[in-house]
Structures are given as structure tokens and as C-alpha cells.
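Take a look at the structure below.
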Amino acid sequence: YKVLKGHSNSIVALKVYQDKLLSASPDKTICVWEVGTWKHDRVLTGHRSAVCALSICYNDKLCSGSDDGQLKVWNCRTWALERTIQA
């Protein structure tokens, strides 16, 4: 097995998008990994609380939810944050 190092806390959610593995953590980040090589590609930041949920949505969007009720919508092609919704 391989240990992926990128988060400073545990991983609580995983999703696969094309050739990427996405991991969410209480460290307030989402890590993007290349499937196969397991290279740490990038870190998505912006949540103010633990990221506890990930979902791949239509039109190449990633939705992430955090403990403080925030929902963030990311573009999976560019990994840019497109929208933040506060519950």
C-alpha cells in the first residue's frame, strides 16, 4: 500500500473525478491526487471549518461541505472556487 501525505489531519471523505482522487479533511482542505502515480497535485483551500463532505456534480463541478454549514462549488477543470453558499 501507499501512504499519501498531504493533510495535517485525518481524511473523512474521498471522491474520484476522472484521473484524480479528492480527499477532504478536518484540516479545512481538499487535496487533489493523481490516480496511479499518487502525486500530490494541489490543495484546495477556503473553508473556515473541517471539510466533511465531497460530491461530484453535473458540469464538472465539485461540491464540498464543511462543519460550519458552508458549501463551496469548485470547477474540476481549473480547480477554481466558483461559489460559496452559507447555510
Side-chain angles (χ1 to χ4, degrees):
Y1 68 92
K2 178 148 178 90
V3 175
L4 303 178
K5 295 182 181 180
H7 288 290
S8 64
N9 205 320
S10 59
I11 293 173
V12 296
L14 293 169
K15 288 292 175 190
V16 174
Y17 172 77
Q18 294 181 356
D19 64 342
K20 304 293 184 191
L21 175 67
L22 311 169
S23 58
S25 174
D27 68 6
K28 306 176 190 174
T29 67
I30 301 161
C31 286
V32 181
W33 311 88
E34 293 181 11
V35 172
T37 66
W38 306 113
K39 178 184 169 202
H40 188 218
D41 187 45
R42 70 187 68 232
V43 179
L44 306 181
T45 61
H47 277 287
R48 299 179 308 218
S49 186
V51 184
C52 54
L54 296 174
S55 181
I56 303 296
C57 303
Y58 69 96
N59 293 338
D60 299 313
K61 304 295 183 210
L62 167 67
C63 295
S64 59
S66 59
D67 282 345
D68 63 357
Q70 272 193 346
L71 174 70
K72 293 191 178 287
V73 180
W74 310 84
N75 183 315
C76 290
R77 293 181 188 157
T78 64
W79 302 111
L81 177 61
E82 292 189 347
R83 186 173 183 189
T84 300
I85 302 165
Q86 185 64 49

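In this chain, numbering begins with 1 at the start of the sequence shown. Just so you know, these numbers use all the heavy atoms, side chains as well, and skip hydrogens, waters and symmetry mates.
Between V12 and C52, the shortest heavy-atom distance links the atoms CG2-CA, 3.8 Å. Nearest approach of S10 to S25, heavy atoms of both residues: O-OG, 2.7 Å. Of all the heavy atoms in R42 and T78, the pair that sits closest is NH1-O, 4.3 Å.
Residues L81 and L22 share a single hydrophobic cluster, defined by chaining ILVMFWY side chains whose heavy atoms lie under 4.5 Å apart. Both V16 and L14 sit in one connected hydrophobic cluster of ILVMFWY residues. Membership requires side-chain heavy atoms under 4.5 Å apart, directly or through other members. There is no path of hydrophobic side-chain contacts, each under 4.5 Å, that joins V51 to I85. Taking hydrophobic clusters as Ile, Leu, Val, Met, Phe, Trp and Tyr residues chained together by side-chain heavy-atom distances below 4.5 Å, W74 does not share a cluster with L71.
Taking CD1 of I11 as the reference point, atom SG of C31 lies at 7.0 Å (rounded to 0.5 Å). Atoms NZ and CD, from K28 and Q70 in turn, are 11.0 Å apart once rounded to the nearest 0.5 Å.
Of the candidates K15, H47, K72, H47 is the only one forming a side chain to side chain donor-acceptor pair (under 3.5 Å) with S64. Each of T45, V43, L44 was compared with I30 under the side-chain contact (heavy atoms from CB on, under 4.5 Å) criterion, and only L44 meets it.
Between H40 and W33, some side-chain heavy-atom pair lies under the 4.5 Å cut-off. Residues I56 and K61 form no side-chain contact, since every pair of their non-hydrogen atoms from C-beta on lies 4.5 Å or further apart. Proximity of Y17 to V32: side-chain heavy atoms (C-beta onward) are nowhere separated by under 4.5 Å. At a threshold of 4.5 Å between non-hydrogen side-chain atoms, the residues L54 and L62 count as touching. The shortest distance between side-chain heavy atoms of H7 and T29 falls below 4.5 Å. No side-chain heavy atom of N75 sits under 4.5 Å from any side-chain heavy atom of N59.
At distances below 3.5 Å, not a single donor-acceptor pair connects side-chain atoms of N9 with backbone N or O atoms of P26. Under the 3.5 Å distance criterion, the side-chain polar atoms of S49 are left unmatched by any main-chain donor or acceptor of S66.
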- Give the C-alpha distance, both sets of side-chain angles, the deciding distance and a yes or no for side chain to side chain contact (heavy atoms under 4.5 Å, CB included) between K20 and D41. CA-CA 9 Å; K20 304 293 184 191; D41 187 45; 3.6 Å; yes
